[in-house]
Amino acid sequence: MIEFTDSLTRTKRPFEPIRDGEVSIYWCGPTVYDDPHLGHARSALGFDILTRYLRWRGFEVTLVRNVTDIDDNIIARAAQRGLSETEISQIYEAAYLTEMDRLGIISPDHSPHATDYVDEMIKVIATLLDRNMAYVVEGSGVYFDVSALDAYGALVNRDPDELRESAGARVALDDDKADPLDFALWKAAKPDEPTWDSPWGPGRPGWHIECVSMSVNLLGPHFDIHGGGDDLTFPHHENERAEALGAGQPFANYWIHNAMVQVEGEKMSKSLGNFTTLAEMLDAYDPRAFRLLVLQTHYRRTMEINASALDPAVTAIERLDTFARRARLAGFDGSGIARHEPSVDAFRNAMDDDLSTPAAIAVIFDTVRLANAALDADDPTAEALCNTVIELSAALGLVLDGADGAVDDDADTIDDLIAQRSTAREQRDFAGADRIRDELSAMGVTIEDGAMGTTWHR
RNA sequence: GCGUCGGUGCCCGAGUGGUCCAAGGGGACGGCCUGCAAAGCCGUAAAGCCGCGGGUUCAAAUCCCGCCCGGCGCUCCA
């Protein structure tokens with residue numbers, strides 16, 4: 001039985017998909033107005049690991065990850081750079097996708113853009129007006145009427161009155177609204193801003209409405225999982241939910257939120273300007289080390305990411321790679337069907353329990369140790385153990401060693417040097433053998449002697 | 001202030017009533033293997049008891065109460 005912690009109930013609940021064997025997921029992607037940072041990476045790994053695992057479990061998963069390509073920040077950035085909103089969003093979406101690719105994030109089945117769904121948003125807003133869940137303020141826009149929805153505040157566990165008390169704690173209140181909690185569904189046109197026509201005059205989409213339109217359009221009015229970074233819980237997801245429920249849709253069955261990445265005890269975010277860009281980090285570290293680091297912390301736990309966290313992860317990845325090379329040399333590249341069932345069971349149990357990736361990773365390392373021991377002993381269980389490590393790693397998106405078929409330009413030279421060294425060793429010319437090893441080392445090549453021969457890696 | 005999550009070894013980080021459970025990774029030390037390394041395996045040390053103080057229980061890191069500290073949210077944010 002799979003269980004997830006549902007942000008709405010704040011409890012771990014058994015996961016039961018709406019349609020047998022199928023899972024629909026909507027994950028909030030980026031608003032593209034700046035370089036992607038480590039927080040985006042953690043969130044992306046959130047849906048990546050969730051989706052990969054559900055697929056490994058045999059579910060047919062439909063994953064939607066949106067791109068918000070029109071909002072206040074994009075408009076501001078466009079003005080600042082002297083570019084159009086479209087240019088800004090294209091630049092940063094491209095940057096986002098490049099880094100997602102480097103991280104090995106799976107491609108969503110759909111990547112809808114807000115600007116392609118303005119008509120749909122208008123329909124949702126019209127429905128909300130019809131149902132008396134919203135009101136028009138001439139010259140200002142259309143607002144959602146929070147008082148019309150009993151369920152408002154459920155996701156953040158607050159009564160509307162409590163929310164009213166703290167409203168404006170950080171942001172100035174807007175006099176156009178009947179209630180400080182109300183929020184804009186449609187913003188009337190202002191000079192120098194992109195606009196679309198609507199029944200309420202020219203303007204642009206307000207808050208959160210894009211996600212409702214896109215999720216419902218692509219996944220239907222009732223879907224399984226809605227996810228995103230925990231900072232989106234309020235107001236974004238609360239308001240999205242309000243819009244969808246207000247429009248009479250059941251909406252998401254489970255809400256899953258990943259915790260924040262922090263830097264020296266503070267949230268890493270664009271507004272604080274303390275973020276490390278993903279590009280910077282991925283230039284310096286093996287993307288798999290980052291993935292491993294994220295996997296080693298439960299998704300609902302805040303995590304600190306810095307060199308002293310990444311360095312050990314790099315070492316751990318090297319250990320897995322070394323193991324994979326060894327397994328391949330023994331003829332086990334993971335393609336065989338034999339599995340070590342106790343490890344597979346332990347892995348499944350860990351992951352079924354609210355995606356406990358730290359425990360799942362522990363299972364993998366335990367299995368690596370067993371596999372190495374079996375290889376040392378030339379034990380027949382080695383094959384199943386090796387296959388299991390490779391498969392379970394892949395289920396979490398970790399591809400070990402050069403299994404992706406990367407070729408090294410100097411491979412021939414290196415093989416030749418290794419052959420020379422082997423000859424020298426056979427002749428007990430250890431000084432000569434060590435000279436060759438030093439030469440390889442100078443090329444950045446590390447060699448490992450084993451019972452089955454010598455392997456090397458960069 | 002209100003809501004919420006958390007404070008575990010040298011570091012990161014699992015574990016949320018009972019094999020005296022403190023997983024796993026990194027680091028350290030010793031042994032085996034090796035011509036020597038590297039890798040691997042085996043073992044050891046390291047948390048005087050898992051923020052502090054009470055309590056519940058035959059039994060708590062794990063439940064309850066209070067306190068201290070920190071993160072996040074309270075309409076930009078993954």
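Everything numeric in this text was worked out from a predicted model, so none of it was measured. Basis for what follows: all heavy atoms, side chains included, without hydrogens, waters or symmetry-related copies. Order of the sequence lines sets the chain letters (A, B, ...), proteins ahead of strands, with each chain counted from 1.
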### Task
Measure from the side-chain heavy atoms of A/D366 and tell me the nearest of B/G26, B/G13, B/G24.
B/G24
### Task
Could you check A/F251, A/Y254, A/F47 and say which one makes a ring pair (Phe, Tyr, Trp, His ring centres under 6.0 Å) with A/H226?
A/F251
### Task
Would you kindly compare A/E448 and A/P358 by the position of their nearest RNA chain B nucleotide and give the one closer to the 5′ end?
A/P358
#### Entry: A/D159 side-chain N/O to A/E162 backbone N/O, donor-acceptor pair under 3.5 Å
no
#### Entry: Nucleotide of B/G71, B/G73, B/C42 approaching A/Q262 most closely (side-chain heavy atoms)
B/G71
### Message
Using the six-membered base ring of B/G24, report whether A/F365 stacks on it, requiring centroids under 5.5 Å and planes under 30° apart.
### Response
no
### Task
Establish whether the base of B/C36 is bridged to the side chain of A/R437 by a donor-acceptor pair shorter than 3.5 Å.
yes
### Task
Find out whether A/E99 and A/P287 are in side-chain contact, i.e. whether some heavy atom of one side chain is under 4.5 Å from a heavy atom of the other.
no
### Task
Write down the distance between CG (A/L370) and P (B/G24), rounded to a whole number of angstrom.
11 Å
### Task
Please state whether the base of B/G26 and the side chain of A/D311 form at least one donor-acceptor pair under 3.5 Å?
no
### Message
Measuring from the side chain of A/E162 (C-beta onward, heavy atoms only), which nucleotide among B/G71, B/C36, B/C2 has the closest atom?
### Response
B/C2
#### Entry: Residue A/A316, side-chain atoms from C-beta onward, closest of B/G26, B/G40, B/U8
B/G26
### Message
Does atom CG (A/D438) have a neighbourhood of more than 12 heavy atoms from anything else shown, all under 6.0 Å?
### Response
yes
### Query
Looking at the side chain of A/R158, which of B/G71, B/C2, B/G25 is the nearest nucleotide?
B/C2
### Task
Measure from the side chain of A/R421, starting at C-beta and using heavy atoms only, and say which of B/C2, B/A14, B/C36 lies closest.
B/C36
## Note on the structure
Testing B/A78, B/G24, B/G71 for proximity to the side chain of A/V261, the answer is B/A78
